[in-house]
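Labels below follow one simple rule: chain letters A, B, ... track the order of the sequence lines, proteins then strands, and each chain is numbered from 1.
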Amino acid sequence: MIPSVLAQLDIQDPAEGDASCVAENGFCPGWIADNFDRYLGPLGEHVYLTVVSVVIGFAIALALALIAHRRRWLTGPIITGTGILYAIPSVAAFFLLQPITGLGNQTAIVALVSYTLLIIFRNITDGLRNVPAEIVDAARGQGLTDRQILRRVELPLAVPEILAGLRIAFSTTVGLATLAVFAGGGGLGSEILTDRFFRSNVVVAGGLAVLLAAAFDLVLLLVQRSVTTWQRAAPA
Amino acid sequence: MTPSAIAQTEGSSAQTEAVELEFRDVTKQYPGASEPVIEHLSFHVPAGEICVLVGPSGCGKTTAMRMVNRMIDITEGDILLGGESVNAKSPAELRRNVGYAIQQIGLFPHLTIADNISTVPKLLGWDKARMRSRVDELLELVSLDPDETRDRYPAQLSGGMRQRVGVARALAADPPLMLMDEPFGAIDPINRERLQNEFLRLQREIRKTVVFVTHDIDEAIKMGDRVAVLKKGGILAQYAPPAELLMAPADQFVEDFVGADRALKRLALQRVRDIDLWTAATVKVGDPVAEVRAKLEDADVKIPLLVDDAQRPIGWLSEGALRAERVRKDLRSPAEPLVELDDILRDALSDLLATETRYAPVVNSRGHVTGVLSLEVISHVLHDHTLATTAPTSADFLEAS
């Protein structure tokens, strides 16, 4: 795609064209092609921030959901708690956490994890709760213990909703992680911030974040399809 | 022997003996409730029999059933399985030994039919080969084609097929006792009837002790060796074999519950072989007419019935057939309807009414005439309150001879 765009700049020498394009703060494919390397490091950091945050967030949310599954009354308080975390403005959280966790991606991860909890927790509890009562009754009636029912029946049947929650969590986290720069967490946000008035830079850094979110979503969609073949089994 | 033949033998030789079941003064009261759901319920189910719990909604029949495998805890009293209290083992251990089939079936949608059926065997740690052969054996037992069914998911089967899988799953580990909560309740009437008949046929093979819950008195009468009629508050109104329930309802409640047509319902319980049939004068072409006239004197039905050399009925003869020296083939009507000794009396009556005839020749399994069924015979049965439904009769003797 880039070469064909370049071809449209026909008469001008590419380097000279870039210079004027950069000077005019335009969208400069040539400049992007030349400077693309500098985005790879931040992109890697961004992937790291997102994956680590969602994985930790999933682990905590799953633990909370399993506790709330046995003690239903805890569901309300947990939703309130994670809801408060979710409502804290992210930039504020990044600054507020700095005195405690210092400057660096630790701070960013702590904040990002706290934003995933509500989404993932709600989806796991909904998924577990939507398992039809008669299926659980049949499982119990056949002599499965509570733990066996959870592992063999309830969790597998909740997988579609759990994965739906993870997809939202990944998309949200990719977006929020662009603000991690305020906590010193790096990522694509730091590139946006260093040259925030240069249009080409903002477009590339922002575009990569969008593509990253789309890629995570696609991967999870494929995972979801491969582990829930039973949902699409053709009727006889 | 093929591997599957070996597996079949193993499967049937491994059959567990059914156990007797006893409710001993069982009460269930929920905390905070003013009235108990079940009150001092006592009854005994002999091993290998189907006990139907029936009653209006809110009578506690499902609660009573669910206390057997401790899905609901007993407040007072005890339930004994083969003499052992259900509280002797952990609930999970107890339930693995008690088949469980419910109206909503509750198949696991994410597992194949084979995996659904193997649920309890898997919990019991069977090896794969044994589970696989057991799955195929059970699918055949419930009239499903193993090759077509085992790798499908529940959503790919019809309601009736799913219900059969539910029964197969309940039978998987060959439990001595089965609990069935309205297992055919969500099935359309035609398939329900078929599933009921199939289950009765199955039960003749497997001889489990079964607790069967239904709100449908007709189903109760059809399925039960014994029927427990419950009224609100889990009070046992009557516990009796179906025929006794219909002939001698214990009180007004039972009488109302079994319905005004209980006399007709009794016909559904009896087979043609259970009643005294009329005798027929059976004749063959070429018999001397004088002999035939003598036979007619002794027979209950005064019309000669023409049979072939194998004693199979051909038709009722007309007057003209007896005009000569020897019997000629001159029919007034064909031998229709033809009733078999094993037919349900209600169905035989229906056949008689449908063909608008007074008499129907009755044949045994070899097709030989053994007697005649008439509207009068059936009417006599309806008025005879002392008749036992399973007592041997002359019809049995006739067939045996």
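- For chain A, the option among B:Gln103, B:Arg169, B:Arg66, B:Glu93 with the highest count of heavy-atom pairs below 4.5 Å is B:Arg169.
- Counting only heavy atoms from C-beta outward, the side chains of A:Asp137 and B:Tyr100 approach each other to under 4.5 Å.
- The shortest side-chain heavy-atom distance between B:Met71 and A:Arg140 falls under the 4.5 Å cut-off.
- A:Tyr48 OH: 12 or fewer foreign heavy atoms inside a 6.0 Å radius.
- Of the inter-residue distances, the one linking B:Leu111 atom CG with A:Trp230 atom CH2 reads 9.5 Å to the nearest 0.5 angstrom.
- At a 4.5 Å heavy-atom cutoff, B:Pro91 makes no contact with chain A through either its backbone or its side chain.
- The local environment of CZ in A:Arg38 is crowded, with over 12 non-hydrogen atoms from other residues, nucleotides or ligands closer than 6.0 Å.
- Shown here for A:Gln142 and B:Thr119, the closest heavy-atom pair between the two residues is OE1-CB, 3.7 Å.
- The contact between B:Leu107 and chain A is made entirely by backbone atoms, counting heavy-atom distances below 4.5 Å.
- Within a 6.0 Å radius of CZ in A:Arg70, more than 12 heavy atoms belonging to other residues, nucleotides or ligands are found.
- Residues of residues 143-157 of chain A lying under 4.5 angstrom from chain B, judged on non-hydrogen atoms, are A:Gly143, A:Leu144, A:Thr145, A:Gln148, A:Arg152, A:Val153, A:Pro156, A:Leu157 in numerical order.
- Proximity to chain A (any heavy atom under 4.5 Å) is shown, for B:Leu179, by neither the backbone nor the side chain.
- Interface remark: B:Arg70 contributes no atoms to any contact with chain A (heavy atom separation under 4.5 Å).
- Taking chain B as the reference chain and counting heavy-atom pairs below 4.5 Å, the highest number among A:Ala138, A:Pro132, A:Ala139 is found for A:Ala138.
- Heavy atoms of other residues, nucleotides or ligands lying less than 6.0 angstrom from CD of A:Gln224 number more than 12.
- B:Ile190 CD1: 12 or fewer foreign heavy atoms inside a 6.0 Å radius.
- Atom CZ of B:Phe43 has more than 12 heavy atoms from other residues, nucleotides or ligands within 6.0 Å.
- Crowding of B:Arg192 atom CZ: a count of heavy atoms from other residues, nucleotides or ligands under 6.0 Å exceeding 12.
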